[in-house]
Protein chains: 4
Amino acid sequence: MQLGMIGLGRMGANIVRRLMRAGHECVVWDVDAAVVAQLAKEGAVGAADLEDFVSKLTGPRNIWVMVPAGYVQSTIDKLVPLLDAGDAIIDGGNSYYRDDIDRAAQLATSGIHYLDCGTSGGVWGLERGYCLMIGGETEIVQRLDPIWATVAPGKGDVEETPGRAPGGTAEQGYLHCGPNGAGHFVKMVHNGVEYGMMAAIAEGLSIIKNADVGKHQQEIDAETTPLRDPQYYQYDINVGDVAEVWRRGSVVGSWLVDLTAAALARDPELAEFGGRVSDSGEGRWTVLAAVEEGVPANVIQASLNARFASRDLNDFQDKVQSAMRSEFGGHNEKPAS
Amino acid sequence: MQLGMIGLGRMGANIVRRLMRAGHECVVWDVDAAVVAQLAKEGAVGAADLEDFVSKLTGPRNIWVMVPAGYVQSTIDKLVPLLDAGDAIIDGGNSYYRDDIDRAAQLATSGIHYLDCGTSGGVWGLERGYCLMIGGETEIVQRLDPIWATVAPGKGDVEETPGRAPGGTAEQGYLHCGPNGAGHFVKMVHNGVEYGMMAAIAEGLSIIKNADVGKHQQEIDAETTPLRDPQYYQYDINVGDVAEVWRRGSVVGSWLVDLTAAALARDPELAEFGGRVSDSGEGRWTVLAAVEEGVPANVIQASLNARFASRDLNDFQDKVQSAMRSEFGGHNEKPAS
Amino acid sequence: MQLGMIGLGRMGANIVRRLMRAGHECVVWDVDAAVVAQLAKEGAVGAADLEDFVSKLTGPRNIWVMVPAGYVQSTIDKLVPLLDAGDAIIDGGNSYYRDDIDRAAQLATSGIHYLDCGTSGGVWGLERGYCLMIGGETEIVQRLDPIWATVAPGKGDVEETPGRAPGGTAEQGYLHCGPNGAGHFVKMVHNGVEYGMMAAIAEGLSIIKNADVGKHQQEIDAETTPLRDPQYYQYDINVGDVAEVWRRGSVVGSWLVDLTAAALARDPELAEFGGRVSDSGEGRWTVLAAVEEGVPANVIQASLNARFASRDLNDFQDKVQSAMRSEFGGHNEKPAS
Amino acid sequence: MQLGMIGLGRMGANIVRRLMRAGHECVVWDVDAAVVAQLAKEGAVGAADLEDFVSKLTGPRNIWVMVPAGYVQSTIDKLVPLLDAGDAIIDGGNSYYRDDIDRAAQLATSGIHYLDCGTSGGVWGLERGYCLMIGGETEIVQRLDPIWATVAPGKGDVEETPGRAPGGTAEQGYLHCGPNGAGHFVKMVHNGVEYGMMAAIAEGLSIIKNADVGKHQQEIDAETTPLRDPQYYQYDINVGDVAEVWRRGSVVGSWLVDLTAAALARDPELAEFGGRVSDSGEGRWTVLAAVEEGVPANVIQASLNARFASRDLNDFQDKVQSAMRSEFGGHNEKPAS
């Protein structure tokens with residue numbers, strides 16, 4: 001079927017490619033004319049501007065918007081005056097689910113449908129397919145079923161879940177989660193879980209990497225207690241090999257461990273990274289939701305905080321603590337080694 | 001090759017079966033004669049007692065001990081007087097890696113070799129194979145290579161890690177991690193990571209399950225602030241479907257999500273469980289190692305603490321806090337709803 | 001000077017009493033006529049209804065509203081039509097600071113001033129005075145200075161901070177923190193800090209109380225690793241005595257430790273408490289602010305989560321973890337002991 | 001009475017001074033002859049070496065050892081051969097309580113008594129007195145009662161705990177906590193509580209300091225979601241004034257808040273500190289004890305981890321996370337701003 005795509009960044013472009021491979025017709029537009037031209041060369045219908053884009057779609061139109069969260073509202077604001085009742089907008093980015101609820105209500109007054117679609121899969125989605133978490137009106141979700149079915153991974157070679165009743169789309173890798181916002185809500189929490197899993201793996205590998213701490217001379221002064229049993233911390237363990245062996249048969253086997261193994265295979269020291277871990281909205285929103293729901297999400301919160309600390313946002317609070325230590329004990333900070 | 005197995009519980013018995021399927025000869029013993037008889041019926045050489053067990057093995061013997069951590073030392077104490085120099089004991093259970101170091105040193109005085117082998121795979125290992133993390137002398141680890149190669153999963157249909165130099169055993173699902181204790185050290189941390197990943201998934205699903213919190217009437221009193229935006233918490237999301245859809249194409253795809261989907265397929269309410277999550281040693285030891293190494297393992301620690309709290313070990317500290325609130329504000333506890 | 005007080009609960013009534021002791025004139029009203037009558041007997045001017053209340057105040061009026069957060073808006077809605085330009089409303093409760101900002105802007109259109117005043121001190125404030133954190137227009141804050149100065153503790157016998165320039169109101173126990181909302185913002189964070197300090201003390205006392213864990217028989221099975229060094233956990237330490245000794249000369253000396261000592265003096269087992277620790281808004285809001293600001297507030301978040309867990313809000317996530325353990329390892333939950 | 005003091009650092013010297021002011025006789029020794037000379041000038045009996053020190057004490061001797069934890073064992077090893085049965089050694093430093101248990105048992109074979117005395121009070125103890133947490137044999141603890149009573153703060157102007165039975169030494173600021181090790185155990189946990197309280201205060205002040213985050217321009221890209229409600233983060237709040245106002249009448253009033261106010265009075269930006277917060281043994285040991293006891297001490301653990309992170313010990317785990325993000329999403333790290 002026909003789909004319009006606005007936003008041809010990393011993910012938008014690959015979703016278009018995946019759709020075209022399956023025979024769908026894609027009309028595409030982006031603020032960057034060069035990427036429109038590139039996709040047109042690959043078979044898409046390129047549009048010169050937003051008016052052109054809309055005019056090339058036959059009604060009722062289905063338009064997937066795949067732009068950074070900060071640009072979704074302005075894009076929709078420009079798009080809506082050009083649309084007709086019955087048209088549908090899919091926000092495939094990482095919008096806050098509350099905006100979905102508000103937007104859908106507002107667009108409904110013009111008869112325009114709005115779907116939110118959380119999209120997971122990163123740069124690998126072109127080949128693997130994207131896991132889709134969808135919110136909105138049932139009828140419109142169903143209208144787009146051929147699109148979801150193509151963009152999603154399908155059953156693939158993942159084994160069926162024992163005991164699960166056959167059927168439904170979840171086993172194909174896409175799910176209508178509920179009314180407006182439900183898709184982005186589930187995607188938001190997915191990313192929160194992702195933060196937690198990533199931190200768990202990273203902490204574990206750090207504990208393994210530091211298993212040689214007993215080899216390092218400990219200074220003895222009033223500030224530092226020496227390691228009691230250095231003989232138990234004498235290991236030089238290859239962290240990359242550990243990630244690799246965990247990929248097969250272990251309980252922690254996961255795509256994130258696969259990726260970690262790949263990164264460590266390229267460089268066991270990960271020297272190209274400074275250790276400043278970004279967070280991009282969903283992690284924060286997941287914590288806000290947990291707090292408002294009263295769910296004790298210690299692990300997800302801790303993983304978000306670790307990202308803050310990785311970017312030195314703990315600076316002032318640490319100074320306050322050093323200042324207290326200086327006040328009550330005359331303790332001086334030790335210089336960075 | 002020939003292997004002796006002491007301990008025919010869940011994992012010991014299945015390791016024997018997996019070895020026998022590949023043509024290895026297994027001599028088996030357990031305190032429970034019935035399970036010995038069962039394995040013997042399946043092709044193993046059953047032993048009547050420990051002396052019989054040892055006598056049926058040809059030297060240099062290779063003896064895998066697969067008993068609960070609390071019985072390892074007493075088992076080895078009984079076994080050692082029956083052995084000869086050059087024999088090797090493999091502790092395949094969840095011993096503390098420090099005991100491995102001490103035991104290996106002690107056994108070395110009798111010329112007996114000791115290997116520690118962390119074994120992951122649970123009840124599924126018979127079919128999937130077990131991920132093996134091994135510590136000990138290189139020569140003895142290599143002597144047992146046919147055993148490891150059979151017990152481990154092998155490459156299977158897991159894709160090769162891009163950029164990783166071919167070869168080595170890690171991609172076969174087993175790894176010689178280092179000298180004595182290194183295997184159990186890596187397995188210990190593996191379990192710590194497992195705790196963290198499990199908690200991340202569980203927290204996320206709880207946030208999704210509680211996305212209907214806005215539907216519940218909030219009481220208004222001095223103790224409780226009502227939910228500010230109940231309209232944003234009106235979702236009834238099928239948690240089992242969410243786990244299922246995350247199995248394909250998502251970043252959190254993992255064996256733990258697979259298992260969660262299976263559990264929720266059987267019962268979406270998980271009513272058979274009371275929510276008392278056990279911890280069995282490795283999680284605690286991982287935290288101890290993190291603390292001694294100075295690694296900030298917030299996520300793994302939080303997941304361990306959550307298990308403690310699930311078993312009401314937070315009882316006294318919560319009473320202390322309620323008592324303080326009563327003292328400074330005259331706040332009474334609210335009854336359980 | 002004259003002050004009107006709406007809301008004669010625990011704190012409102014005592015603030016009135018403290019003001020009257022210092023010679024201020026208080027006009028009082030509450031939905032409960034009995035408490036109005038009681039305060040009138042003690043010297044306040046009682047009002048029959050809101051109209052009567054307003055009419056008994058001479059303009060420009062200064063009206064302190066001290067009602068549960070859930071009733072602030074409705075109280076103000078009823079009050080405002082009765083007021084004149086130049087009158088001032090002080091919200092002394094635990095409102096969300098964002099509401100202050102919005103309310104102040106709205107009331108400004110009628111020429112009515114709005115101050116937010118975070119009030120700490122609990123049931124002890126009558127004697128100790130209340131720590132006041134105030135937000136709003138400078139001119140109006142200054143107009144009310146005689147009220148703040150009376151309600152606040154004053155310098156008392158607390159030593160001067162060495163190195164601090166003399167003067168300012170902070171050393172008197174009240175502070176104009178900034179424009180509208182700033183008072184409640186600082187009070188909100190104050191309560192977040194309070195949560196963290198309470199949890200730290202409670203955790204510590206629990207570690208001391210459980211210092212006898214080595215005396216309890218440990219069962220040995222595949223699920224539980226026995227305590228390695230029970231000889232180091234043989235202490236029966238009187239927790240109440242510990243709280244008492246920490247009150248003098250120790251680094252943790254604090255009002256919260258004082259209160260804890262009092263509670264433990266009454267009952268060392270705190271048997272009257274069930275351990276269900278309430279949270280009342282500010283703790284949650286503090287975490288939301290930390291997340292939005294990008295401040296890694298691990299301790300405050302953990303203390304909030306511990307309160308959630310104390311009320312069994314961790315139930316579903318714990319079941320999910322038990323279910324996973326059952327799936328991968330065939331582990332059964334152990335019954336509550 | 002007579003007391004010998006070994007170790008005349010910050011705390012040892014001031015304890016001697018406090019004892020001499022009350023008329024006790026102090027024999028002193030230190031590896032640094034200059035500090036011995038200084039104390040001798042102030043009235044102490046200085047010793048030229050350890051033999052001289054012991055010879056100047058009349059039996060049964062009472063010797064307080066106040067040296068860094070790393071030197072306690074070697075000091076005692078040198079001291080013991082010079083002592084007689086009936087003499088008592090007090091370890092007043094921050095030794096691990098397990099060492100106390102082991103040491104006491106070993107010294108008992110020579111008839112030498114051993115007491116462990118956790119000492120809190122920092123550089124302020126000379127004037128305020130030191131909070132003492134004591135472990136060991138009852139008879140010897142009582143023999144030293146005149147010493148404890150002098151070194152401790154006494155009742156001072158701290159109010160009596162309501163409801164507490166009069167008597168006992170806790171209200172004088174010293175406590176016999178239990179048998180050997182119990183004193184250092186309680187002091188260890190005290191420091192763990194201190195870590196948690198310090199972090200709670202520091203986090204709160206950081207949230208207040210960052211209340212202006214809405215004023216800073218947010219960049220919009222795929223990596224960063226802009227702050228949703230910048231209008232609610234426009235405050236410039238004087239953090240030093242906040243600490244000062246919290247000193248009077250607030251629930252968080254505490255010595256640590258007093259000290260924080262002093263530090264901020266000197267420099268509101270705390271520019272002399274780099275934010276590298278040391279940890280010195282007790283915090284780690286507290287966490288180890290919590291884990292072994294099964295006490296969920298989230299707050300204390302988080303505060304310890306925050307100190308690790310303040311010293312960049314999170315470096316590798318953060319790199320692992322950035323590497324994963326790069327793998328699955330092609331995300332690049334953002335440079336430090």
Side-chain angles (χ1 to χ4, degrees), chain A residues 98 120-121 128-131 153 158 161-164 170-171 173 175 177-178 182 185-186 189-190 192-194 196-197 199-201 203-204 206-208 210 213 232 235 237 241-242 244-245 247-255 261-262 265-266 289-290 293 295 297-300 302-303 306, chain B residues 98 120-121 128-131 153 158 161-164 170-171 173 175 177-178 182 186 189-190 192-194 196-197 199-201 203-204 206-208 210-211 213 232 235 237 241-242 244-245 247-255 261-262 265-266 289-290 293 295 297-300 302-303 306:
Chain A
R98 298 186 172 201
S120 181
R128 285 175 29 126
Y130 299 88
C131 180
V158 177
T161 295
R164 185 172 166 88
E171 65 180 25
L175 180 67
C177 299
F185 188 92
V186 172
V189 177
H190 166 279
V193 171
E194 176 189 307
M197 291 173 68
I201 295 164
E203 288 176 7
S206 181
I207 296 169
I208 289 170
N210 285 285
V213 72
Y232 294 127
Y235 298 121
I237 301 173
D241 283 348
V242 169
E244 181 67 26
V245 81
R247 297 184 65 218
R248 287 178 179 80
S250 92
V251 175
V252 303
S254 57
W255 195 43
R266 249 203 315 282
E293 294 181 3
V295 169
N298 276 302
V299 159
I300 295 176
S303 64
Chain B
R98 298 185 173 202
S120 180
R128 286 176 26 125
Y130 299 88
C131 180
V158 177
T161 295
R164 186 172 166 86
E171 64 180 26
L175 179 68
C177 300
V186 172
V189 177
H190 166 279
V193 172
E194 176 189 307
M197 290 173 69
I201 295 165
E203 288 177 6
S206 182
I207 296 170
I208 289 170
N210 284 286
V213 72
Y232 294 127
Y235 297 120
I237 300 173
D241 283 348
V242 168
E244 181 66 26
V245 80
R247 298 183 64 219
R248 287 178 178 81
S250 93
V251 174
V252 303
S254 56
W255 195 41
R266 250 203 315 284
E293 293 180 4
V295 169
N298 276 301
V299 158
I300 294 175
S303 64

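Letters go in sequence order (proteins before strands), and every chain restarts at 1. Computed from heavy atoms alone, side chains included, the values below leave out hydrogens, waters and symmetry copies.
- Ranking A:Ser254, A:Ala170, A:Gly163 against chain B, the residue ahead of the rest is A:Ala170, based on heavy-atom pairs under 4.5 Å.
- Contacts with chain B were tallied for A:Ala297, A:Cys177, A:Gly204; A:Ala297 has the most, counting heavy-atom pairs under 4.5 Å.
- Residue with the most contacts toward chain B among A:Ala265, A:Ala200, A:Gly253: A:Ala200 (heavy-atom pairs, distance under 4.5 Å).
- For the atom pair CZ (A:Arg266) and OG1 (B:Thr161), the distance works out to 11.0 Å, reported to the nearest 0.5 Å.
- By number of non-hydrogen pairs under 4.5 angstrom with chain B, the leading residue of A:Ser120, A:Gly196, A:Pro162 is A:Ser120.
- For the salt bridge (charged side-chain N to carboxylate O under 4.0 Å, His left out) test, residues two or more places apart in sequence or in another chain that qualify with B:Arg248 are B:Glu244.
- The shortest non-hydrogen separation linking A:Ala199 to B:Val299 is CB-CG2, 3.7 Å.
- Ranking A:Ile208, A:Val252, A:Asn298 against chain B, the residue ahead of the rest is A:Val252, based on heavy-atom pairs under 4.5 Å.
- For the options B:Ala182, B:Ala261, B:Gly178, heavy-atom pairs under 4.5 Å to chain A are most numerous at B:Ala182.
- Heavy atoms only, all atoms of each residue included: A:His190 and B:Val251 are closest at NE2-N, 3.4 Å.
- Only the side chain of A:Val295 comes within contact range of chain B, with heavy atoms under 4.5 Å apart.
- For A:Ala306, no part sits under 4.5 Å from any heavy atom of chain B, backbone or side chain.
- For the set B:Gly121, B:Ala289, B:Ser250, the entry with the most heavy-atom pairs within less than 4.5 Å of chain A is B:Ser250.
- A:Ile207 approaches B:Ala290 most closely through the heavy-atom pair CD1-CB, 3.7 Å.
- A pairwise comparison of heavy atoms in A:Glu203 and B:Ile300 identifies OE1-N, 2.9 Å as the closest pair.
- In this structure, the side chains of B:Met197 and A:Ile201 come closer than 4.5 Å at one or more pairs of heavy atoms.
- The nearest pair of heavy atoms linking B:Cys131 to A:Gly249 is CB-C, 3.7 Å.
- Note that OG of B:Ser206 is 7.5 Å distant from CD of A:Glu293, once rounded to the nearest 0.5 Å.
- By number of non-hydrogen pairs under 4.5 angstrom with chain A, the leading residue of B:Asn210, B:Ile237, B:Val242 is B:Asn210.
- When the ring pair (Phe, Tyr, Trp, His ring centres under 6.0 Å) test is applied to A:Phe185, the partners found at least two apart in sequence or on another chain are A:Tyr97, B:Tyr235.
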